[in-house]
Every structure is written in C-alpha cells, then in structure tokens.
Amino acid sequence: MKRRKWMAELPVKILLSFLAMLILLPIFWLVFSGFKLEKDIISWPPTFFPKTVTMSNWHTVKARIDIVAYTVNSLVYAFGTSIPAVLVNALAGYAFSRLQFKFKNVLFLLFLATMMIPFQVIMIPLYVEVHYLGWLNSYAGLIIPKIASAQWIFLARASFDGLPGELQEAARMDGCSEFAIFWKVMLPLIKPTCITIFVLSINNCWNDLLWPMIVASSSRMRTLANGLAMFIGTHTTEYGPAFLCAAFSLVPMLLLYIFGQRYFVEGQVSTGIKG
C-alpha cells in the first residue's frame with residue numbers, strides 16, 4: 001500500500017520539484033554571478049558556474065559602500081516600522097470590525113480607497129510634511145509615515161470578523177475594558193494574521209528604494225537597497241558587485257520567509273474565513 005501510494009504521488013512530486021528548480025535557479029545564478037569576473041557575466045553563451053572564482057566584486061562593494069551601516073539602517077527601518085505596524089493596524093482593524101460608531105463603513109471605504117492612490121502621487125506632500133516636522137535624515141522620517149497601511153487594516157479587520165462575537169461579550173461581562181478585550185482575548189487569536197502583517201511589512205521596507213532615497217539624502221542614512229542602486233547607472237552597470245550585493249540583501253528575507261511561512265500561509269487563509 002505504501003509503495004502504491006508513493007507511485008501515485010510520484011508525478012506530483014516530480015512536477016513540484018521541477019517548479020521549485022525553476023524558482024531556485026535564478027537565485028543560484030545570482031549568487032554564482034557575484035563571484036564571476038565581469039567578462040564572464042556578460043559573455044555569450046552564458047555560464048552558470050564561475051570559470052574563475054573571484055572576490056574582487058566583494059572588495060568593490062566594501063570600497064564603494066558602507067555595507068554594514070546600510071544593513072543596520074535597513075534592519076532598523078524594517079523592524080522599526082513592522083513592529084508598531086502590527087499593533088497600530090490591528091487596533092484599527094479591531095475598531096472597524098468590533099466597535100460601533102458613526103460613519104464606520106464610510107471611513108473604512110475611505111481607508112480602502114487610499115490603496116488605489118499610487119505612492120508617487122503622495123510622496124511630495126509627504127516629503128513636505130516630514131520636512132516641516134524636522135524628520136529628514138532620521139529614522140523617524142523613515143519609519144513613522146510607513147507604519148499605518150490600509151492593506152494591513154483590511155487584513156486585520158477580516159481576521160477579527162472571523163472570530164465569534166460571544167468571546168467579546170463574555171470578556172465584557174467579566175469586567176474587561178475594551179483594550180483588555182483586544183489585547184488579551186482577540187489579538188492572540190489572530191496571531192497568524194499578525195505574523196503575516198509583520199513579514200510582509202518587513203519585506204516591503206527591506207526592498208523599498210524610493211522613500212529612503214527621498215527622505216534620507218545623507219549617506220549615513222542610506223539603506224541596503226540604496227547602496228545596491230549605486231552599482232546600476234544610466235550608462236554603465238557593474239554587474240558583479242550589483243549581483244553580489246543583491247544576493248547579500250536576499251538572504252535575510254529568504255530566512256524570514258522560511259521560518260515564518262507556516263504562519264504566513266495560515267494568516268492568508270484565515271482572512272478569508274468567516275465564523
């Protein structure tokens with residue numbers, strides 16, 4: 001029976017392995033290209049493995065950018081935005097889901113409407129606001145404008161809608177305040193959604209190029225994405241250092257998703273379940 005089951009699952013396993021290789025091959029090629037000579041990268045036909053392993057690209061990256069400082073800035077930006085984003089957006093989602101107040105549905109629709117406004121439309125007013133607050137070239141200017149998001153509020157609201165209302169009523173009868181109901185009863189039940197918000201927020205901030213470039217003109221406040229852009233110009237592109245820097249920036253996000261994928265998938269599924 002086990003052999004028959006294994007044979008029945010073999011085509012599916014082969015297909016999934018083939019799809020996995022299609023996804024992983026560009027990543028492996030990116031990593032290997034970071035240790036190739038420039039002439040080997042642009043040669044035709046292309047080669048997968050480096051003909052000559054070189055560390056010159058790494059020396060170029062260290063000479064051109066302060067990769068340690070840029071990595072620290074990216075970490076502060078990503079985690080400094082994502083941790084409060086979980087609390088702030090969950091609070092807003094709880095209010096839209098569980099509290100009753102005037103114009104609740106209208107306000108929620110207005111929040112959702114902001115998802116259709118491209119960031120390029122609001123970046124100049126947002127920059128002026130940050131300028132007058134004195135937050136240019138600071139972590140506050142990087143982090144605070146990016147905390148609240150209509151997308152995360154929508155996810156949190158959908159998760160709270162899926163919880164039975166009896167839990168909230170029972171906690172209220174026991175004398176819990178509204179915040180205690182949110183913090184001790186409701187929030188732990190949407191942990192997968194909170195982790196989903198956390199992971200996606202970190203990913204968005206880690207890969208964000210435009211906003212850090214606008215608000216942080218000082219070299220000491222640049223992020224890793226800004227440092228990577230320094231190797232890609234209009235007329236010339238340094239492929240080796242760019243590929244190596246891209247591979248370096250890819251590793252943290254890859255590890256984060258590997259360890260958080262179970263909660264990420266669960267959170268995406270649970271937001272569509274009503275109970």
Side-chain angles (χ1 to χ4, degrees), residues 16 19-20 23-24 27 71-99 108 111-112 114-115 119 139-140 142-168 170-171 176-209 211-212 223-225 247-275:
L16 292 177
L19 294 176
I23 296 172
L24 292 175
I27 299 176
T71 303
V72 171
N73 289 338
S74 291
L75 289 172
V76 173
Y77 176 37
F79 284 91
T81 301
S82 302
I83 293 174
V86 173
L87 178 61
V88 170
N89 293 293
L91 276 168
Y94 177 80
F96 281 122
S97 174
R98 295 297 177 173
L99 302 185
F108 184 66
F111 268 95
L112 291 184
T114 62
M115 296 174 63
F119 178 73
Y139 288 127
L142 279 172
I143 292 170
I144 294 177
K146 304 288 285 187
I147 290 176
S149 170
Q151 181 182 1
W152 310 146
I153 294 173
F154 175 77
L155 283 176
R157 179 182 182 268
S159 294
F160 283 122
D161 282 345
L163 300 179
E166 290 79 6
L167 292 173
Q168 184 182 4
C176 288
S177 64
E178 201 62 47
F179 183 78
I181 295 173
F182 163 77
W183 184 256
K184 296 181 179 180
V185 179
M186 308 298 279
L187 187 62
L189 296 176
I190 65 162
K191 183 175 71 171
T193 300
C194 292
I195 295 177
T196 299
I197 295 173
F198 182 71
V199 171
L200 290 179
S201 179
I202 286 181
N203 183 68
N204 289 345
C205 294
W206 187 267
N207 296 319
D208 190 9
L209 173 65
W211 179 243
T223 61
L224 199 56
F248 182 83
S249 66
L250 177 68
V251 172
M253 293 302 98
L254 190 61
L255 294 176
L256 180 67
Y257 183 76
I258 288 174
F259 288 108
Q261 64 171 329
R262 180 169 65 91
Y263 299 102
F264 175 78
V265 174
E266 187 177 347
Q268 291 290 325
V269 172
S270 64
T271 52
I273 297 175
K274 301 277 287 185

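Keep in mind it's a predicted model, so treat the numbers as computed, not measured. As a basis for the values below, the full set of heavy atoms in this structure was taken, side chains included, without hydrogen atoms, waters or symmetry mates.
For Trp206 (side chain) and Ser249 (main-chain N/O), a donor-acceptor pair under 3.5 Å exists by modelled atom type. Of the possible polar contacts, one joining the Thr196 side chain to the Pro192 backbone as a donor-acceptor pair under 3.5 Å is found. Between the side chain of Asn203 and the backbone N or O of Val199, no donor-acceptor pair lies under 3.5 Å. A donor-acceptor contact shorter than 3.5 Å links the side chain of Ser82 to the backbone of Ile202. Under the 3.5 Å distance criterion, the side-chain polar atoms of Asn89 are matched with a main-chain donor or acceptor of Ala85. The closest donor-acceptor contact from the side chain of Thr193 to the backbone of Ala156 lies at 3.5 Å or more, if one exists at all.
Leu163 CG to Met186 CE: the interatomic distance, rounded to the nearest 0.5 Å, is 4.5 Å. Atoms CZ and CG, on Arg157 and Leu112 in that order, are 8.0 Å from each other to the nearest 0.5 Å. With values rounded to the nearest 0.5 angstrom, Ile195 atom CD1 is found 12.0 Å from Leu200 atom CG. Between Leu187 atom CG and Ile181 atom CD1 the span is 13.0 Å, to the nearest 0.5 Å. For the atom pair Asn73 CG and Leu75 CG, the distance stands at 9.0 Å (nearest 0.5 Å).
With salt bridges taken as basic N to acidic carboxylate O contacts below 4.0 Å, one links Asp208 and Lys146.
The aromatic ring centres of Phe96 and Phe111 sit less than 6.0 Å apart.
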Evaluate Asn204 against Asn207 for side chain to side chain contact (heavy atoms under 4.5 Å, CB included), listing each step before the verdict. CA-CA 5 Å; Asn204 289 345; Asn207 296 319; over 6 Å; no
Side chain to side chain contact (heavy atoms under 4.5 Å, CB included) between Leu224 and Phe248: does it pass, once the steps are laid out? CA-CA 9 Å; Leu224 199 56; Phe248 182 83; 3.9 Å; yes
Walk me through it: do Asp161 and Ser97 pass the test side-chain hydrogen bond (donor to acceptor under 3.5 Å, both in side chains)? CA-CA 6 Å; Asp161 282 345; Ser97 174; 2.5 Å; yes
Determine whether Trp183 and Tyr94 satisfy the following criterion, side chain to side chain contact (heavy atoms under 4.5 Å, CB included), listing intermediate values before the conclusion. CA-CA 10 Å; Trp183 184 256; Tyr94 177 80; over 6 Å; no
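Closest non-hydrogen pair, Ala225 versus Leu209, comes out as O-CD1, 3.6 Å. Among all heavy-atom pairs drawn from Glu178 and Gln168, the shortest one is OE2-NE2, 3.4 Å. Counting all heavy atoms, side chain and backbone alike, Pro212 lies closest to Leu142 at CA-CD2, 3.6 Å. Minimum interatomic distance between Gly165 and Arg98 (heavy atoms only, all atoms of both residues): CA-NH1, 3.4 Å.
When side chains are defined from C-beta on, Trp152 does not count as touching Phe198, because their heavy atoms never get closer than 4.5 Å. With contacts defined as side-chain heavy-atom distances shorter than 4.5 Å, the pair Phe154/Ser149 does not qualify.
The aromatic rings of Phe160 and Phe182 are tilted relative to each other, their planes meeting at an angle between 30° and 60°.
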